[in-house]
Chemist: 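Input: one structure, supplied below.
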2 protein chains.
Amino acid sequence: MDYQQAGVDLVNAEEAVRAISSAVRSTYNTQVLSDIGGFGGLYRLGDEGSGILVATTDGVGTKTEVARAAGRWEGIGQDLVAMCIDDLVCTGARPLFFLDYLAVGKNEPSLIATLVTSMATALHSTNTALIGGEIAEHPGTMAPDQIDLAGFAVGLMDPQAAIGVNRVRVGDRVIGLPSPNLRSNGFSLVRAVYTELLDHIRGGVASSEELFRYEQLIEPSVIYAPTVLTLTSNSLLHAASHSTGGGIVHNLARVIPDGLSAHIDASTWEWPKVFTDLMHDGEIPLSEMRSTFNLGIGMALVVDPAHVEAVLSSYPGSIEIGRVGEGTKRAQWS
Amino acid sequence: MDYQQAGVDLVNAEEAVRAISSAVRSTYNTQVLSDIGGFGGLYRLGDEGSGILVATTDGVGTKTEVARAAGRWEGIGQDLVAMCIDDLVCTGARPLFFLDYLAVGKNEPSLIATLVTSMATALHSTNTALIGGEIAEHPGTMAPDQIDLAGFAVGLMDPQAAIGVNRVRVGDRVIGLPSPNLRSNGFSLVRAVYTELLDHIRGGVASSEELFRYEQLIEPSVIYAPTVLTLTSNSLLHAASHSTGGGIVHNLARVIPDGLSAHIDASTWEWPKVFTDLMHDGEIPLSEMRSTFNLGIGMALVVDPAHVEAVLSSYPGSIEIGRVGEGTKRAQWS
């Protein structure tokens with residue numbers, strides 16, 4: 001099984017980005033400092049040197065369908081916050097506020113409250129305010145208990161504190177922050193692998209082994225933002241890369257400059273069992289696992305060799321997983 | 001037929017807002033200047049007197065299903081921009097940037113390009129940059145050509161230029177800016193009324209009368225933001241109210257202070273034919289029409305009597321539709 005067979009078309013996704021590029025760029029003005037493909041959109045508020053607003057948007061994909069199978073929504077708001085805020089901090093910005101869009105088949109107040117409470121709790125960890133939201137009821141086009149979520153985060157970046165591609169140098173080390181679970185990526189593939197399990201969960205006939213697996217799948221995402229913000233404000237980071245759709249290496253490549261390459265040593269850590277089981281249960285090729293899942297490294301930090309110890313000691317379970325050399329591929333497995 | 005019968009539960013919607021209030025407010029800090037229920041969330045960037053960021057989010061509801069019936073997506077991006085930006089300018093803020101979230105059953109690059117081009121064109125009218133977006137492919141949970149869109153707009157407000165509830169006074173006049181069509185509200189009810197018509201459109205067997213009606217339903221929303229921004233910067237507005245879900249009066253009530261009431265004189269304008277037809281075809285009660293649709297007034301402006309002529313002359317077809325007096329209902333029909 002691969003992602004394409006599960007219905008997610010990465011070739012079309014790249015083509016869609018090409019198809020919209022000129023329309024998107026036609027809206028840019030002199031305040032826009034980013035281009036398509038970064039971890040966040042950058043907008044300078046005033047003259048050169050003034051504060052830069054950074055904005056991100058993301059959803060939780062079809063992890064909603066896994067939640068829906070047992071009505072387990074209490075971690076999904078946290079997933080949404082993690083997807084948006086952990087992208088945002090990869091630019092060096094400090095999150096200010098968040099908005100959510102919830103599309104529901106039927107407006108069920110207690111379910112909405114569960115989702116928003118989950119978001120609010122997650123937002124407390126970075127003092128980010130939930131200043132707006134929309135609940136869109138779509139009767140007939142969504143099943144009553146079907147839900148889709150999108151989040152929007154805005155942060156402020158001090159231009160002096162920006163991290164990313166311009167700071168990375170040959171010899172930098174890559175530190176991985178551990179993720180015990182899938183976060184909120186690759187769930188269309190996960191659902192295709194565990195169709196029967198999810199049917200059993202829905203039907204209330206799951207075995208104890210299936211219930212255990214379900215708990216692993218539905219676990220909420222770790223939020224790395226507080227750690228990344230502290231490291232950024234202590235000038236300990238050159239770059240940070242959130243392992244979302246595309247996996248560790250594809251995302252890391254977004255913060256490595258032309259002419260360099262981050263080599264990720266796959267032997268430096270062990271995958272959490274949920275990933276090895278998934279690979280086995282779905283007969284998923286290694287290349288597909290690597291380009292779809294975080295494989296246990298939810299955030300990759302690029303740091304000066306002198307700062308490796310300080311960064312490793314800032315987060316339990318973090319590991320040095322690679323280094324930056326010269327090369328043409330920006331990031332690769334080794 | 002009413003909105004409840006069409007599957008949209010306004011009682012539950014109010015209950016959901018109550019259910020999330022304490023969680024939402026728990027995220028507020030001293031920078032947050034708005035509460036739940038305004039046209040935008042307000043976040044002060046620095047100390048008192050500094051610029052205020054305003055953010056809005058909205059979708060286009062199930063107008064997507066009307067578009068899908070004939071694959072007519074070229075106005076839907078404009079609808080999304082109108083829903084978000086026309087809310088934003090009701091606070092007095094000038095839009096800076098926009099992000100979009102597109103959930104699709106299948107990532108069809110040409111369709112995505114049509115939607116994003118429609119957004120970009122609409123954003124040009126207010127020099128708003130499209131700095132981010134997410135295309136979320138949801139195979140299996142959405143039909144291949146099913147789409148949902150959410151937009152997110154951020155603007156900057158000079159505290160001196162804020163408009164809204166604090167500026168409105170007894171004797172102010174209400175000026176309506178015309179909307180020739182439904183904009184992007186009430187479509188779950190519209191779809192319930194025109195189920196057969198939409199079936200005929202889908203099947204390619206629509207009569208010329210049905211095709212004409214379809215064109216009326218799918219027409220993109222007017223974008224009022226350029227006009228509202230000009231009037232705001234010329235200090236000609238006390239408040240502005242975008243007629244979205246809830247209709248003219250419900251939205252106008254959001255910008256009228258306690259103890260006052262805007263009286264809207266229903267005899268001052270004629271409904272565009274699409275609304276009278278809809279009321280007739282769906283046997284929709286007048287009260288339901290008024291609480292669901294814009295009825296031809298897409299934006300209501302509250303202005304000092306001395307500025308009525310200037311405002312009327314700024315927008316073709318605008319009309320004086322009411323005035324502000326003392327009262328307990330904030331806004332009402334008369």
Side-chain angles (χ1 to χ4, degrees), chain A residues 6-9 12-13 15-16 19-20 23-24 26-29 31-32 34 40-41 43 53 55-59 61-62 65 96-97 99 101 103 106-110 112-113 116-117 120 123-124 127-141 146 148 150 152 154 188 191, chain B residues 6-9 12-13 15-16 19-20 23-24 26-29 31-32 34 40-41 43 53 55-59 61-62 65 96-97 99 101 103 106-110 112-113 116-117 120 123-124 127-141 146 148 150 152 154 188 191:
Chain A
V8 171
D9 192 325
N12 272 9
E15 196 183 322
I20 64 174
V24 169
S26 76
T27 69
Y28 288 179
N29 51 42
Q31 306 310 113
V32 177
S34 55
Y43 189 96
L53 294 176
T56 62
T57 178
D58 208 349
T62 56
E65 289 297 303
L96 302 176
F97 58 81
L99 292 90
Y101 169 87
K106 176 158 179 54
N107 191 332
E108 186 53 67
S110 66
I112 305 288
V116 174
T117 301
L123 290 167
H124 290 156
N127 191 24
T128 305
L130 180 56
I131 66 166
E134 168 72 8
I135 305 166
E137 195 168 17
H138 291 176
T141 72
Q146 199 180 352
D148 190 37
F152 304 98
V154 171
S188 289
R191 288 187 300 121
Chain B
V8 171
D9 193 326
N12 271 9
E15 196 183 321
I20 65 174
V24 169
S26 77
T27 69
Y28 289 179
N29 52 40
Q31 307 309 114
V32 178
S34 55
Y43 189 97
L53 294 176
T56 62
T57 179
D58 207 349
T62 56
E65 289 297 303
L96 304 176
F97 58 81
L99 291 89
Y101 169 87
K106 177 159 178 54
N107 191 333
E108 186 52 68
S110 67
I112 304 288
V116 174
T117 301
L123 290 166
H124 290 156
N127 191 25
T128 305
L130 181 56
I131 65 166
E134 167 72 8
I135 304 166
E137 196 168 16
H138 291 177
T141 73
Q146 199 179 354
D148 191 37
F152 169 67
V154 171
S188 289
R191 288 187 300 120

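Proteins get letters first, then strands, A, B, ... in listed order; numbering begins at 1 in each. All values reported here derive from a predicted model rather than from experimental measurement.
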Chemist: Could you tell me which portion of Ala136(B) (side chain, backbone, both or neither) has an atom closer than 4.5 angstrom to a non-hydrogen atom of chain A?
Modeler: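 When you check distances to chain A, no heavy atom of Ala136(B) falls under 4.5 Å.
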Chemist: Under a 4.5 Å cutoff for heavy-atom pairs, which residue among Val32(A), Asp58(A), Val154(A) has the most contacts with chain B?
Modeler: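 Max contact count across the listed options: Asp58(A).
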Chemist: Tell me, for Val8(A) versus chain B, whether the close heavy atoms (under 4.5 Å) come from the side chain, the backbone, both or neither.
Modeler: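 It is both, since atoms from each part get that close.
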Chemist: Kindly write out the residues that satisfy side chain to side chain donor-acceptor pair (under 3.5 Å) with Tyr101(A), not counting sequence neighbours, or none if the list is empty.
Modeler: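 Tyr101(A) satisfies side chain to side chain donor-acceptor pair (under 3.5 Å) with Asp148(B) once adjacent residues are dropped.
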Chemist: When heavy-atom pairs shorter than 4.5 Å are enumerated against chain B, which of Gly41(A), Gly59(A), Ala150(A), Pro139(A) gives the highest number?
Modeler: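 If we count pairs closer than 4.5 Å to chain B, Pro139(A) comes out on top.
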Chemist: Can you tell if the side chain of Phe97(B) reaches within under 4.5 Å of the side chain of Leu53(A), non-hydrogen atoms only?
Modeler: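 SC-SC contact between Phe97(B) and Leu53(A) confirmed.
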Chemist: Report the option among Arg191(B), Gln31(B), His124(B) that has the most heavy-atom pairs separated by less than 4.5 Å from atoms of chain A.
Modeler: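 When all of Arg191(B), Gln31(B), His124(B) are compared, His124(B) has the most.
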Chemist: Between Leu99(A), Val24(A), Ile112(A), who has the most heavy-atom pairs with chain B when the cutoff is under 4.5 Å?
Modeler: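 When all of Leu99(A), Val24(A), Ile112(A) are compared, Leu99(A) has the most.
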Chemist: Could you state the interatomic distance from CG (Asn107(B)) to CG (Asn12(A)), rounded to the nearest 0.5 Å?
Modeler: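 Between Asn107(B) CG and Asn12(A) CG, I get 5.5 Å after rounding to 0.5 Å.
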Chemist: What class does the angle between the rings of Phe152(A) and Phe152(B) fall in, given that below 30° is parallel, 30 to 60° is tilted and above 60° is perpendicular?
Modeler: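 Plane angle under 30°, so parallel.
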Chemist: What part of Ser188(A) lies closer than 4.5 angstrom to a heavy atom of chain B: side chain, backbone, both or neither?
Modeler: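 Answer is side chain: those atoms of Ser188(A) sit under 4.5 Å from chain B.
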Chemist: Examine whether an atom of Glu15(B) lies under 4.5 Å from a heavy atom of chain A, and if so say whether it belongs to the side chain, the backbone or both; otherwise answer neither.
Modeler: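 It is both, since atoms from each part get that close.
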Chemist: Please report the closest heavy-atom contact between Ala55(A) and Ile131(B), naming both atoms and the distance.
Modeler: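 Minimum heavy-atom separation between Ala55(A) and Ile131(B): CB-CD1, 4.1 Å.
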Chemist: With a 3.5 Å distance limit and no angle check, can you tell me whether Thr57(B) reaches the backbone of Glu134(A) through a side-chain donor-acceptor pair?
Modeler: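 No: the side chain of Thr57(B) does not pair with the backbone of Glu134(A).
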Chemist: Identify the two heavy atoms, one from Thr117(B) and one from Ala23(A), that lie closest to each other, and give their separation to 0.1 Å.
Modeler: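 Result for this residue pair: OG1-CB, 3.8 Å.
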Chemist: Heavy-atom distances under 4.5 Å only: say whether Glu137(B) touches chain A with side chain, backbone, both or neither.
Modeler: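 Both parts, heavy atoms under 4.5 Å.
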Chemist: Nearest 0.5 Å, what's the OG1-CG distance between Thr128(B) and Asn29(A)?
Modeler: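 Here the interatomic distance stands at 8.5 Å.
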Chemist: Let's test your reading of the structure: which of Ser110(B), Gly132(B), Ser34(B), Ser26(B) forms the most heavy-atom pairs below 4.5 Å with chain A?
Modeler: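 Looking at each option in turn, the highest pair count goes to Ser26(B).
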Chemist: Between Ile135(B), Thr56(B), Asp9(B), who has the most heavy-atom pairs with chain A when the cutoff is under 4.5 Å?
Modeler: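 Of the candidates given, the most pairs with chain A belong to Asp9(B).
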